[in-house]
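Quick notes on the structure that follows.
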Amino acid sequence: LFFSDAVLSKIVLFTNLYAAVNIVKVPSYGLTDGSWQDLRPTEIASFLGFLLYMGLVRVSDYTRYWSTDSLYNGLWGRSFFKRDRFKAILAFIHVSEPGANPADRLCKIRYLYDHVRTQSSTLWQPKQHLSLDERMIRFKG
């Protein structure tokens, strides 16, 4: 609902722009020649899904998701990404246009914030799924 193909494409565009400029500061996240491997919409969808998975299945250190130790054998990190690619996406993910207005306190998340607000107002139907609990209404008796 919130992460449509258009939103994922925008996040991919913002991330690729940000990474292309800043990869020289952290060349270890790049390819062997130091350049950035462009992110794809399917890759960002997998990244967001893997972040949800990491929230559900907790381990002591996030590198354990790629561990070959028998204790961590049931984890799926290796099937989603290589560990270095995950770290690179995590380092450069950007959900707003690079170089946005620094006077705006929400400039780093403005695009995603506006999108979620718009989607929430269009999807929410105030006549459905309302529940009144006796604790929510003040007793006047």
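Residue numbers start at 1 and run along the sequence shown. These numbers come from a predicted model, not from an experiment.
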TODO: Look only at the side chain of S96 and the backbone of R110, and say whether a donor-acceptor pair between them is shorter than 3.5 Å.
DONE: no
TODO: Report yes or no: does T122 contribute a side-chain atom to a donor-acceptor pair with the main-chain N or O of T118 at less than 3.5 Å?
DONE: yes
- [ ] Name the orientation class of the two ring planes belonging to Y62 and W66 (parallel below 30°, tilted from 30 to 60°, perpendicular beyond 60°).
- [x]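 Answer is perpendicular, since the angle exceeds 60°.
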Open item on the list: Is the ring pair F86/F50 parallel, tilted or perpendicular, if the boundaries are 30 and 60 degrees?
Closed with: perpendicular
TODO: Run the ring-centre check on Y65 versus F80 and record whether the distance is less than 6.0 Å.
DONE: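 No, the ring centres sit 6.0 Å or more apart.
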TODO: Quick one: do V116 and S120 satisfy side-chain contact (heavy atoms from CB on, under 4.5 Å)? Show the steps, please.
DONE: CA-CA 6 Å; V116 168; S120 296; 4.0 Å; yes
Task: Cluster overlap F92 with L90, hydrophobic side-chain contacts below 4.5 Å - done: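 Result: no, two separate clusters.
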Open item on the list: Let me check something: do F81 and L31 share a hydrophobic cluster, defined by ILVMFWY side-chain heavy atoms less than 4.5 Å apart, either directly or through other members?
Closed with: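 As far as the 4.5 Å side-chain criterion goes, L31 and F81 are not connected within one cluster.
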Heavy atoms from other residues, nucleotides or ligands near [atom1] of [X] exceed 12 (cutoff 6.0 Å):
X   : atom1 : answer
E97 : CD    : no
D5  : CG    : no
R78 : CZ    : yes

Would you mind writing out the side-chain donor-acceptor pairs for residues 13-27 within the sub-3.5 Å range, not counting sequence neighbours?
{"residue": "T15", "atom": "OG1", "partner": "I11", "partner atom": "O", "Å": "2.8"}
{"residue": "T15", "atom": "OG1", "partner": "H94", "partner atom": "N", "Å": "3.1"}
{"residue": "T15", "atom": "OG1", "partner": "H94", "partner atom": "O", "Å": "3.4"}
{"residue": "N16", "atom": "OD1", "partner": "W36", "partner atom": "NE1", "Å": "2.9"}
{"residue": "N16", "atom": "OD1", "partner": "L39", "partner atom": "N", "Å": "2.8"}
{"residue": "N16", "atom": "ND2", "partner": "V12", "partner atom": "O", "Å": "3.3"}
{"residue": "N16", "atom": "ND2", "partner": "L39", "partner atom": "O", "Å": "3.3"}
{"residue": "N22", "atom": "OD1", "partner": "K25", "partner atom": "NZ", "Å": "3.1"}
{"residue": "N22", "atom": "ND2", "partner": "Y18", "partner atom": "O", "Å": "3.0"}

Supply the atom-to-atom distance [X] [atom1] to [Y] [atom2], rounded to the nearest 0.5 angstrom.
X    : Y    : atom1 : atom2 : result
F47  : I93  : CZ    : CD1   : 4.5 Å
S4   : H115 : OG    : NE2   : 4.5 Å
D114 : L106 : CG    : CG    : 8.5 Å
I44  : K10  : CD1   : NZ    : 15.0 Å

TODO: Walk me through it: do V95 and V7 pass the test side-chain contact (heavy atoms from CB on, under 4.5 Å)?
DONE: CA-CA 9 Å; V95 294; V7 172; over 6 Å; no
Task: Partners passing side chain to side chain donor-acceptor pair (under 3.5 Å) against D38 (at least two apart in sequence or in another chain) - done: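 Side chain to side chain donor-acceptor pair (under 3.5 Å) check on D38 returns nothing, list empty.
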Task: For the student: nearest non-hydrogen atoms of R85 and E43, plus distance - done: NE-OE2, 2.9 Å
- [ ] Please report the shortest heavy-atom distance between T63 and R83, naming the atom on each side.
- [x] CG2-CD, 3.9 Å
